[in-house]
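Just so we're on the same page: letters track the sequence lines, and every chain starts at 1. This one's a predicted model, so the numbers in the text were calculated from it and none came from an experiment.
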Amino acid sequence: MADDPVRGTVRVRMAPSPTGPIHIGNVHTAMFNWLFARQRGGVFILRFEDTDRARSEARWEDVIYSELQWLGMDWDEAPDRGGPHGPYRQTERLDTYRQWARRLLDVGAAYECYCTVEELESERQAAQQEGRAYQYTRKCRDLTPEQRERRRAEGRVPAIRFAIPNDHVVIVDDMVRGRIEYPTSAIGDPIIVRPNGMPLYNFAVVVDDLTMHVTHVLRGEGHISNTPLQVLIYEALGEPTPSFGHFGHVTCGSGAKFSKRHGEGYIGFYREMGILPEAMFNYLALLAWTPGDDREILTREEILAEFDINRVTAAPSQFDLQKLLWINGHHIRRLPHAELVTRCLPYLQKAGLVAADPDEAAMGLVKGVVALERPRIETLEQITGATEYFFRDEIGYTPKAEKLLFGPGVIDGLREVRRRLAALPEWSIVALERAGQQLLDDTGLQAKAAYQPIRAAVTGRVASPPLFDTLFWIGRDRAISRLDLVVSGRELPKAAGAGPR
RNA sequence: GGCGCCAUGGUCAAGUGGUUAAGACUCCGCCCUUUCAAGGCGGCAACACGGGUUCGAGUCCCGUUGGCGCUACCA
């Protein structure tokens, strides 16, 4: 179903203000818009609401493009690629707003208001002192042409106000929350165009959405209260009203609602820590939506095939890093191994563990150790901490490892281990396993008692992948020199980070 | 203050008048196991409150409370 039965092709949009790094919540609604469009063969539009010139910057537009790209979402019409209904930046559409404002004036649905900011402010304060809710008095609504002329002569430049119809209830059939009723008595006549010609948000969105033929306005719940006014403007203009749907907000961190600053609400924060885009996509899809059964780990394709706006919940939701990490772990484990290696490599290089242009041997080691850690890591970045002892000559020892190495009889045991490892005819996992078994047979020790000290001595920690794989990839020379150090009784270097292992 | 939206465990959530109120994350325990993970099994933990409607209410209605939003010459 490529087309909406009554309106033709589905057209949706994301309309952010480029005033800071895009918030997770906006990415979430962008994603639902994208899913809705792609599922129906529709069009996904990107438009920037940059009328707040002081705070809008081009670099934030780039951030938005790259975050969408990272998540695998594409767009059809936008400033960067044009489209039939552009331009796609509000500051480049001023003429259009002027034309539509003229039309509102002509049909008598809007009027010029000559009140000054100071006058309005004092009215507002008066209302506040009397304890009544302020609403514009509408005193410019019925100005005669002569009165308007007189004010102009005083040098006043008018703003344009929209005339809200009296005693009328606007009904919106919201796609995610059903019928919403809103009395017009709660809305004062709003200014829609400033004296300097700059349109205000609620007017500009309507003009943009109608001239871009947007069929479904899917956005955050913060816009619910704006919707009745917007519907009134569509009606006054005699233009068809799009369908509306309002998603609950996604909040991040402890209560802080709109922290657009760096940190938890910024999606790049998660990318940098090694969250896979497919995991982020998966997690975000599960916020306010479920496939209708118990599945939690889903691919982008599965989500695209099964997303259903009728199953989207209206309640707000809290972003939970723990669950994202769990989902990320699953996606890491389901990645083809070569692909996982490719994605881990930059993290290892950034940590200085692997050269910028690793040779074949280095890549062999990377592949080997990534395979060992694959079931253990939850983020790509964790690969560095988890595998550094495979790459460095010098390692640090955690308190737990140190304590274990000081246990009774441990040093003597390790001397014997060192001797056997040095004598091994072949350094392979099979040979190491055989030697390990031999050690148990000869000493009568339990595996745990025999192996943990070895692990601690060669890795500096008490937890690692299976011992013989670990030894194999550490290599004979490093393993032996680490054993020598431990056996020597010299003080062991401390592990840098307070890593638990 | 006025108006609007929202309300199931700590978190994400299933549920569309009749269920012992699913499932997942987190946490705890057990199994597996050379350690740590992964995996398997099990456990703790919820319908915000008060009234209705109904034979019967987490589900419908009203009110209260709480959270959020709008109430701008912000978006």
Select base, sugar-phosphate, or nothing to describe what [X] touches, counting heavy atoms under 4.0 Å on all strands.
X        : value
A:Ala159 : nothing
A:Ala15  : nothing
A:Pro195 : base
A:Gly222 : sugar-phosphate
A:Thr313 : sugar-phosphate
A:Leu325 : nothing
A:Arg53  : nothing
A:Arg333 : sugar-phosphate
A:Leu200 : sugar-phosphate

Could you list, one pair per line, each protein nitrogen or oxygen that sits under 3.5 Å from a nitrogen or oxygen of nucleotides 32-35 of chain B, together with the distance?
residue: B:U34; atom: O2; partner: A:Arg455; partner atom: NH1; Å: 3.2
residue: B:U34; atom: O2; partner: A:Arg455; partner atom: NH2; Å: 3.3
residue: B:U34; atom: N3; partner: A:Leu467; partner atom: N; Å: 3.4
residue: B:U35; atom: O4'; partner: A:Gln452; partner atom: OE1; Å: 3.2
residue: B:U35; atom: O2'; partner: A:Val462; partner atom: O; Å: 2.8
residue: B:U35; atom: N1; partner: A:Arg455; partner atom: NH1; Å: 3.3
residue: B:U35; atom: O2; partner: A:Arg455; partner atom: NE; Å: 3.3
residue: B:U35; atom: O2; partner: A:Ser464; partner atom: N; Å: 2.7
residue: B:U35; atom: O2; partner: A:Ser464; partner atom: O; Å: 2.9
residue: B:U35; atom: N3; partner: A:Arg455; partner atom: NH2; Å: 3.1
residue: B:U35; atom: N3; partner: A:Ser464; partner atom: O; Å: 2.5
residue: B:U35; atom: O4; partner: A:Pro466; partner atom: N; Å: 3.2

We want to know whether [X] and [Y] form a side-chain donor-acceptor pair, criterion being a heavy-atom distance below 3.5 angstrom.
X        : Y        : value
A:Arg295 : A:Thr290 : no
A:Arg461 : A:Thr398 : no
A:Asn202 : A:Gln230 : yes
A:Tyr114 : A:Arg152 : yes
A:Gln437 : A:Asp441 : yes

Going by ring-ring contact (aromatic ring centres under 6.0 Å, His included), name the residues that satisfy it together with [X], two or more places apart in sequence or in a different chain.
X        : answer
A:Tyr347 : none
A:Tyr65  : A:Phe48, A:Trp75
A:Tyr97  : none

With a 4.0 Å limit, can you tell me whether [X] has a side-chain N or O closer than that to the phosphate oxygens OP1/OP2 of [N]?
X        : N     : value
A:Arg295 : B:A13 : no
A:Ser317 : B:A13 : yes
A:Arg124 : B:C73 : yes

Hey, is the main chain of [Y] close enough, under 3.5 Å, to the side chain of [X] for a donor-acceptor pair?
X        : Y        : value
A:Trp427 : A:Phe472 : yes
A:Arg55  : A:Thr19  : no
A:Asn328 : A:Ala279 : no
A:Thr384 : A:Leu348 : no
A:Arg420 : A:Ala435 : no

Starting at atom [atom1] of [X], determine the distance to atom [atom2] of [N], rounded to an integer number of angstrom.
X        : N     : atom1 : atom2 : result
A:Glu123 : B:U71 : CD    : P     : 18 Å
A:Trp289 : B:A13 : CH2   : P     : 12 Å
A:Leu298 : B:A13 : CG    : P     : 14 Å
A:Asp189 : B:C73 : CG    : P     : 11 Å
A:Phe203 : B:C73 : CZ    : C1'   : 14 Å
A:Gln318 : B:U8  : CD    : P     : 13 Å
A:Asn196 : B:A72 : CG    : P     : 19 Å
A:Tyr134 : B:A72 : OH    : P     : 8 Å

Using the [atom1] atom on both, measure [N] against [M] and round to a whole Å.
N     : M     : atom1 : answer
B:C41 : B:A7  : P     : 33 Å
B:A75 : B:G39 : C1'   : 49 Å
B:C28 : B:G10 : C1'   : 15 Å
B:A57 : B:C30 : C1'   : 39 Å
B:U35 : B:A22 : P     : 35 Å

(request) Go through residues 161-175 of chain A and report each residue with a non-hydrogen atom lying under 4.0 Å from RNA chain B, sorted by number. (result) none
(request) Could you pull out all residues at least two apart from A:Asn310 that satisfy side-chain hydrogen bond (donor to acceptor under 3.5 Å, both in side chains)? (result) none
(request) Kindly write out the residues that satisfy salt bridge (Lys or Arg N to Asp or Glu O under 4.0 Å) with A:Glu433, not counting sequence neighbours, or none if the list is empty. (result) none
(request) Report the residues that fulfil salt bridge (Lys or Arg N to Asp or Glu O under 4.0 Å) with A:Glu49, sequence neighbours left out, ordered by chain and then residue number. (result) A:Arg47
If you restrict it to nitrogen or oxygen atoms, what contacts under 3.5 Å exist between nucleotides 3-5 of chain B and the protein, and what is each distance?
residue: B:C5; atom: O2'; partner: A:Arg177; partner atom: NH1; Å: 2.2

(message) If a pair means Watson-Crick or G-U wobble with both distances below 3.5 Å, what does RNA chain B look like in dot-bracket form, with | marking bases paired to a different strand?
(response) ((((((((.[[[..)..(....]]].(((((.......)))))....[[[[[..)....]]]]])))))))....
Which atoms of nucleotides 20-27 of chain B (N or O only) lie under 3.5 Å from a protein N or O atom, and what are those distances?
residue: B:A24; atom: O4'; partner: A:Glu296; partner atom: OE2; Å: 3.0
residue: B:A24; atom: O2'; partner: A:Lys323; partner atom: NZ; Å: 3.2
residue: B:A24; atom: N3; partner: A:Lys323; partner atom: NZ; Å: 3.2
residue: B:C25; atom: OP1; partner: A:Trp326; partner atom: NE1; Å: 3.4
residue: B:C25; atom: O2'; partner: A:Lys323; partner atom: N; Å: 3.3

(request) Report the residues that fulfil side chain to side chain contact (heavy atoms under 4.5 Å, CB included) with A:Val217, sequence neighbours left out, ordered by chain and then residue number. (result) A:Arg13, A:Asp209, A:Val214, A:Arg219, A:Pro242, A:Phe244
(message) Counting the benzene-type ring for Trp, do A:Phe247 and A:Phe32 have ring centres under 6.0 Å apart?
(response) yes
(message) With a 6.0 Å cut-off on the ring centroids, do A:Phe162 and A:Tyr111 count as close?
(response) no
(request) Measure from the side-chain heavy atoms of A:Val117 and tell me the nearest of B:C73, B:A75, B:A72. (result) B:C73
